[in-house]
Amino acid sequence: MAATLQVLPCLVRAPLRSLLWGTPVARRASGMALAEHARQLFESAVGAVQPGPMLQRALSLDPDGRQLKVRDRSFQLRQNLYLVGFGKAVLGMAAATEELLGQHLVQGVISVPKGIRAAMERAGKQEMLLKPHSRVQVFEGAENNLPDHDALRAALTIQQLAEGLTADDLLLVLISGWSTPALHRADRYQCYGCPPPVSATSVTLL
């Protein structure tokens, strides 16, 4: 009798433990489900900030293709659209922009980290690369995230393009993060990563 009384509490507690903690197999299955859910959340978050989806949310063309809408503002397109950009993600941003606005884009210049194109090719990220006959000129520089001759050459080319525009032109500026040393200048443009003042209407996407 005494032995039976000792066993009964164990039998009563066993289903409760299973209910609360489950069997080892159930715990493993639950852990796998959580891991899969976490992976899906991660992939969804990364997908949401890919250049393509982000640019599609920010830029659009009206049905007749004569106006560019940037968020809540509209701009007339008449072969007057230019593009400059700088930063680590700007290569993919420029590719997405040209995919959307290619027929309207006159010229573009972007400054990106050294080796970024090769890295995208190795990773199979073709959507992050510009097409072979792109109108966007790419400068790679700022190796180890430090200003160098190539980054300065990119900055001068961007400056030359921007200063050559008129009040009838539209300049789309793509900036990734706090930019890079690619646009850092030691002369009259002291703003880190800021393009020089221009006459054209400037629209900046961060």
Can you name the closest pair of heavy atoms from Gly85 and Ile158 and give their distance? O-CD1, 3.9 Å
Any side-chain heavy-atom pair of Arg117 and Leu91 under 4.5 Å: yes
Any donor-acceptor pair under 3.5 Å linking the side chain of Asp148 with the backbone of Asp150? yes
Got a second to check how far Asp169's CG is from Tyr82's OH, nearest 0.5 Å? 5.0 Å
What is the minimum heavy-atom distance between Ser111 and Ala154, and which atoms define it? OG-CB, 3.5 Å
So Val136 and Leu105, do their side chains get closer than 4.5 Å, heavy atoms only? yes
Do Leu77 and Leu61 touch side chain to side chain, with heavy atoms closer than 4.5 Å? yes
Given 3.5 Å as the limit, does a donor-acceptor pair link the side chain of Asn80 with the main chain of Arg78, or not? yes
Between Pro113 and Gly87 the two heavy atoms that sit nearest each other are CD-O, 3.7 Å
Closer than 4.0 angstrom, basic N to acidic O: yes or no for Glu43 and Arg39? yes
Within the 4.5 Å heavy-atom criterion, are Ile175 and Phe86 side-chain neighbours or not? yes
What distance separates Lys114 NZ from Glu140 CD, expressed to the nearest 0.5 Å? 6.5 Å
With sequence neighbours excluded, residues passing side-chain hydrogen bond (donor to acceptor under 3.5 Å, both in side chains) with Ser60: none
Least distance between heavy atoms, Gly52 atom then Ala96 atom: CA-CB, 3.8 Å
Min side-chain heavy-atom separation Leu55-Leu100 under 4.5 Å: no
Exercise: identify the closest heavy-atom pair between Asn145 and Lys88: OD1-NZ, 3.7 Å
Between Gln79 and His104 the two heavy atoms that sit nearest each other are NE2-CA, 3.9 Å
Does the pair Glu98/Lys131 count as a salt bridge with the N-to-O cut at 4.0 Å? no
Has the side chain of Thr97 got a donor or acceptor atom that lies under 3.5 Å from a matching backbone atom of Met93? yes
Side chains of Val138 and Ile116 in contact at under 4.5 Å (non-hydrogen atoms): no
Taken in chain and number order and not counting sequence neighbours, the residues that satisfy side-chain contact (heavy atoms from CB on, under 4.5 Å) with Gln137 are Val109, Phe139, Thr157
Interatomic distance, Glu121 atom CD to Met128 atom CE [nearest 0.5 angstrom]: 13.5 Å
Would one find more than 12 heavy atoms of other residues, nucleotides or ligands at under 6.0 Å from atom CD of Gln160? no
Check the surroundings of atom CD in Glu99: do more than 12 heavy atoms from other residues, nucleotides or ligands lie under 6.0 Å from it? no
Please walk me through it: do Leu101 and Leu83 pass side-chain contact (heavy atoms from CB on, under 4.5 Å)? CA-CA 11 Å; Leu101 307 173; Leu83 179 152; over 6 Å; no
Just how far is it from atom CD of Gln76 to atom CG of Leu81, taken to the nearest 0.5 Å? 12.5 Å
